[in-house]
Colleague: 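Take this structure first; my questions come after.
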Protein chains: 2
Amino acid sequence: MDHVEIFKALSNKTRLQILNWLKEPELNFPEQKQHAGFDHGVCVGQIQLKAGLTQSTVSEYLVILQRAGLVKSTRVGQWTYYQRNEEAFEILSQMIRAEI
Amino acid sequence: MDHVEIFKALSNKTRLQILNWLKEPELNFPEQKQHAGFDHGVCVGQIQLKAGLTQSTVSEYLVILQRAGLVKSTRVGQWTYYQRNEEAFEILSQMIRAEI
DNA sequence: AATGTATATCGGAAATTCCCGATATACCAA
DNA sequence: TTGGTATATCGGGAATTTCCGATATACATT
């Protein structure tokens with residue numbers, strides 16, 4: 001786990017917002033409820049709508065978060081669902097308390 | 001407290017090292033012991049020697065860490081001593097657990 | 001006052017990040 | 001197979017960060 005890579009992933013307002021939105025998918029992405037549940041997280045299109053940036057930028061941001069280990073992705077049909085990796089935040093919290 | 005500013009400050013290998021060195025000044029900066037104690041932290045020159053970067057770069061990095069609230073500085077004579085702001089790390093750890 | 005030392009600030013070249021539009025890939029439906 | 005939708009990747013202009021050398025500022029000593 002590369003500390004610098006994690007902090008870089010967190011050094012962007014939009015990426016922090018995405019992580020925050022993914023804490024409560026039902027609340028922040030109500031539109032997805034009709035098409036799919038939230039079992040595997042939220043699909044890129046929904047996140048893009050809320051972020052107000054282009055599809056390519058949001059897709060790239062999600063890859064950055066995933067490479068840092070902060071989110072996990074699941075492919076279902078033509079959709080990719082992203083969800084938080086809560087374990088990573090717990091480890092990061094401990095790491096800041098003990099290692100940094 | 002600006003989250004993005006804090007994470008940007010932590011997104012650099014040298015700055016993470018400096019923060020880590022400042023956890024144990026006696027161990028990491030033994031040379032300073034003769035001239036001054038560690039009551040107010042470690043002076044810029046000592047940190048620069050260990051970092052192996054130029055004086056201007058290290059001074060700038062310390063300002064970045066200070067603006068993020070991660071270190072505190074004390075001016076004594078012609079020296080500026082920097083020490084960790086432990087409270088900030090505790091708050092950051094909690095913030096990652098609860099807010100992010 | 002003049003000189004020396006410690007730190008801060010300035011100006012800039014190179015590298016990286018931000019965010020875009022265009023295009024490629026993957027899957028689904030008719 | 002053809003066309004439509006969802007996501008990923010590519011290429012790049014603009015902004016930011018990295019790190020440097022030069023210079024400015026602050027303090028101490030003589």
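Every chain is numbered from 1 and lettered A, B, ... according to where its sequence line falls, protein lines coming before strand lines.
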Colleague: Measure the distance from CZ on Phe7(A) to P on dT17(D) and round it to the nearest whole Å.
Modeller: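 For the pair Phe7(A) CZ and dT17(D) P, the rounded distance is 17 Å.
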Colleague: Given atom CD of Gln17(B) and atom P of dT18(D), what is their separation to the nearest angstrom?
Modeller: 14 Å
Colleague: Rounded off to whole Å, could you give me the CD1-to-P distance for the Ile18(A) and dC18(C) pair?
Modeller: 12 Å
Colleague: Quickly work out the Lys8(A) NZ to dT17(D) C1' distance and round it to whole Å.
Modeller: 9 Å
Colleague: Checking Ser11(A) against Ser11(B): is there a side-chain donor and acceptor pair closer than 3.5 Å?
Modeller: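 Yes, because at least one side-chain N or O of Ser11(B) sits under 3.5 Å from a partner of the opposite role on Ser11(A).
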Colleague: Is it the case that Ser73(B) and Thr80(B) place a side-chain donor and acceptor less than 3.5 Å from each other?
Modeller: no
Colleague: Is the phosphate of dA8(C), meaning OP1 or OP2, less than 4.0 Å from a side-chain N or O of Tyr82(B)?
Modeller: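 The answer is yes; a side-chain N or O of Tyr82(B) sits under 4.0 Å from OP1 or OP2.
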Colleague: Give the rounded distance in Å between these two atoms: CD of Gln46(A) and P of dT5(D).
Modeller: 16 Å
Colleague: Between Lys72(A) and Tyr81(A), is there a donor-acceptor pair closer than 3.5 Å when you use the side chain of the first and the backbone of the second?
Modeller: no
Colleague: Please answer whether the main-chain N or O of Lys8(B) pairs with a side-chain N or O of Arg15(B) as donor and acceptor at a distance below 3.5 Å.
Modeller: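 Judged by distance alone, yes, a pair lies under 3.5 Å.
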Colleague: To the nearest angstrom, how far is Leu65(A) atom CG from dC18(C) atom P?
Modeller: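 Taking atom P of dC18(C) as the reference, CG of Leu65(A) is at 11 Å.
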Colleague: Thr80(A) has a side chain; which of dA8(C), dT7(D), dT16(C) sits nearest to it?
Modeller: dT7(D)
Colleague: For residues Thr57(A) and Thr54(A), is any side-chain donor paired with an opposing acceptor at under 3.5 Å?
Modeller: yes
Colleague: Provide, to the nearest angstrom, the distance between the CD1 atom belonging to Ile47(A) and the P atom belonging to dA6(D).
Modeller: 14 Å
Colleague: Return the orientation label for the Trp21(B) and Phe29(B) ring planes: parallel under 30°, perpendicular over 60°, tilted otherwise.
Modeller: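 Aromatic pair Trp21(B)/Phe29(B) classed perpendicular.
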Colleague: Rounded to whole Å, please give me the gap between CD in Gln48(B) and P in dA8(C).
Modeller: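 Spelled out: CD on Gln48(B) to P on dA8(C) is 11 Å.
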Colleague: For each nucleotide in nucleotides 19-30 of chain C, reading 5' to 3', give B when a protein heavy atom comes within less than 4.0 Å of its base, S when such contact involves only the sugar-phosphate, and - otherwise.
Modeller: BBBB----BS--
